[in-house]
Student: 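This is the structure I have questions about; it appears just below.
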Amino acid sequence: MNDNPSQVPMRTPLPSKDMVLSACAGTIVLDHPVLHAAQQLASLYQVREHTDADVIDRERARLVCLIDAWVAAEQPPAFDAAYLHSETVGMIIDRLARLSVDARAAAQGPISVSRLRHARHRLTELAHAYSDLAFEISRGTRRLPEFSHPIPDEDHV
């Protein structure tokens, strides 16, 4: 493994939490594969109620796998003693997309102030957690779980 991962930066860094949240809201500020996937994930959550959930979930799984494959190819080697994170970046981006859509829907509907505050708080907390994880990955101080499996294929699902 790598004794000094801080010397091996990511080839292309993960986007900031603000960029990810903007992508989930429909605005991509940088041509980045993670941002495109985040935007697509949020779009899937927006139409989920009116679309076959199995089709949506297969596409979500495909996008999560694409994010994870990109991160695996771009991240520097982690320290031998780096702590393992419980989720992949793709899983977190998927949850950010869902919480982003939920928070926007809550803001537009008849909802109590406390429920709206709670929806926004959950989104903010996860966005900060993503930011911390992105930093740790770039420094090699956090390992990601290896859930590698083939990217779901529309013809073989």
Side-chain angles (χ1 to χ4, degrees), residues 1-25 28 30 32-46 48-49 53-106 114-153 156-157:
M1 280 271 156
N2 186 11
D3 292 336
N4 193 357
S6 64
Q7 300 301 312
V8 185
M10 290 183 84
R11 291 179 207 119
T12 304
L14 282 162
S16 71
K17 66 179 171 51
D18 294 327
M19 288 179 185
V20 172
L21 293 175
S22 290
C24 290
I28 294 179
L30 176 70
H32 193 291
V34 171
L35 296 177
H36 289 286
Q39 182 182 45
Q40 292 173 40
L41 285 163
S43 295
L44 291 170
Y45 279 109
Q46 289 173 334
R48 187 179 172 123
E49 289 181 20
D54 289 339
V55 171
I56 296 292
D57 289 343
R58 279 194 301 272
E59 182 60 12
R60 283 182 41 239
R62 186 185 74 77
L63 291 166
V64 167
C65 286
L66 286 173
I67 292 169
D68 292 340
W70 182 88
V71 171
E74 293 293 321
Q75 72 184 1
F79 277 117
D80 288 338
Y83 287 106
L84 179 66
H85 197 268
S86 60
E87 293 179 290
T88 67
V89 172
M91 297 164 111
I92 293 170
I93 298 290
D94 182 55
R95 284 196 304 132
L96 279 169
R98 179 177 51 83
L99 291 175
S100 177
V101 168
D102 289 351
R104 278 196 313 278
S114 64
R115 288 189 67 161
L116 177 58
R117 191 174 306 130
H118 177 70
R120 287 180 176 163
H121 177 74
R122 289 177 56 201
L123 177 59
T124 301
E125 288 292 307
L126 184 58
H128 286 298
Y130 163 80
S131 187
D132 291 346
L133 178 62
F135 175 76
E136 292 170 344
I137 290 169
S138 73
R139 301 292 296 176
T141 59
R142 180 67 66 168
R143 291 183 302 122
L144 295 170
E146 178 57 51
F147 295 140
S148 64
H149 48 289
I151 295 174
D153 197 59
H156 295 68
V157 178

Student: Any sub-3.5 Å donor-acceptor pair from Ser43's side-chain atoms to Gln39's backbone N or O?
Tutor: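 Indeed, once roles are kept as given, a pair shorter than 3.5 Å links the two residues.
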Student: Looking at Tyr83 and Arg142, what are the two nearest heavy atoms and their distance?
Tutor: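 Where Tyr83 meets Arg142 most closely, the heavy atoms are O-CD, 3.1 Å.
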Student: Working to the nearest 0.5 angstrom, can you tell me the gap between Ser131 OG and Leu21 CG?
Tutor: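 Rounded to the nearest 0.5 Å, the OG-CG separation comes to 10.0 Å.
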Student: To the nearest 0.5 Å, tell me how far Ile67 CD1 sits from Met91 CE.
Tutor: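 These two atoms lie 11.5 Å from each other.
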Student: Quick check: do Thr88 and Val71 have side-chain heavy atoms less than 4.5 Å from each other?
Tutor: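 They are not in contact (no side-chain heavy atoms under 4.5 Å apart), so the answer is no.
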Student: With salt bridge (charged side-chain N to carboxylate O under 4.0 Å, His left out) as the rule and sequence neighbours excluded, what pairs involving residues 85-99 come up?
Tutor: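 Only Arg60-Asp94, Glu87-Arg95, Arg98-Asp102 qualify under salt bridge (charged side-chain N to carboxylate O under 4.0 Å, His left out).
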Student: Do Gln40 and Arg62 have side-chain heavy atoms sitting under 4.5 Å apart?
Tutor: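 Gln40 vs Arg62: side chains touch.
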Student: Between Asp68 and Leu144, is there a side-chain heavy-atom distance shorter than 4.5 Å?
Tutor: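 No, every pair of side-chain atoms sits at 4.5 Å or beyond.
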Student: Please name all residues satisfying side chain to side chain contact (heavy atoms under 4.5 Å, CB included) with Ala42, sequence neighbours left out, ordered by chain then number.
Tutor: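 By the side chain to side chain contact (heavy atoms under 4.5 Å, CB included) rule, Ala42 matches Cys24, Ala97, Val101.
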Student: Compare every heavy atom of Ile93 with every heavy atom of Ala38, then report the nearest pair and how far apart it is.
Tutor: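 Minimum heavy-atom contact is CB-CG2, 3.7 Å.
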Student: List in chain and number order the residues that pass salt bridge (Lys or Arg N to Asp or Glu O under 4.0 Å) with Arg48, two or more places apart in sequence or in another chain; answer none if no residue qualifies.
Tutor: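 With neighbours one apart ignored, the set is Asp57.
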Student: Any non-hydrogen side-chain atom of Leu99 less than 4.5 Å from a side-chain atom of Tyr45?
Tutor: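 Leu99 does not reach Tyr45 side chain to side chain.
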Student: Roughly how far apart are Lys17 NZ and Asp132 CG, rounded to 0.5 Å?
Tutor: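 Lys17 atom NZ to Asp132 atom CG measures 9.5 Å (nearest 0.5 Å).
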Student: Enter the distance from Leu133:CG to Ser138:OG here, rounded to the nearest 0.5 Å.
Tutor: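 Interatomic distance, Leu133 CG to Ser138 OG, rounded to 0.5 Å: 9.5 Å.
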Student: Is there side-chain contact between Val89 and Tyr130, with heavy atoms separated by less than 4.5 Å?
Tutor: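 A side-chain contact under 4.5 Å exists here.
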Student: About how many Å separate CD of Glu136 and CD of Gln75, when rounded to the nearest 0.5 Å?
Tutor: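 So the CD of Gln75 and the CD of Glu136 are separated by 12.5 Å.
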Student: Taking atom CG of Leu14 and atom NE2 of His32, what is their separation to the nearest 0.5 Å?
Tutor: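 If we round to the nearest 0.5 Å, Leu14:CG and His32:NE2 are 6.0 Å apart.
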Student: Donor-acceptor pair, distance only, cut-off 3.5 Å: does the side chain of Glu74 make one with the backbone of Thr12?
Tutor: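 Such a contact is found between Glu74 side chain and Thr12 backbone.
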Student: So, for Arg104 and Ala25, which heavy atoms are closest and what is the spacing to 0.1 Å?
Tutor: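 So the minimum-distance heavy-atom pair works out to NH1-CA, 3.6 Å.
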Student: State, to 0.1 Å, how close Leu35 and Leu30 come at their nearest heavy-atom pair, and which atoms those are.
Tutor: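 Scanning both residues completely, I find the closest heavy atoms to be CD1-O, 3.3 Å.
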Student: For Leu84 versus Pro145, what's the shortest heavy-atom pair and its separation?
Tutor: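 Minimum heavy-atom contact is CD1-N, 3.5 Å.
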Student: Where do Val64 and Gly90 come nearest, in terms of heavy atoms and distance?
Tutor: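 Smallest interatomic distance, heavy atoms only, reads CG2-O, 3.5 Å.
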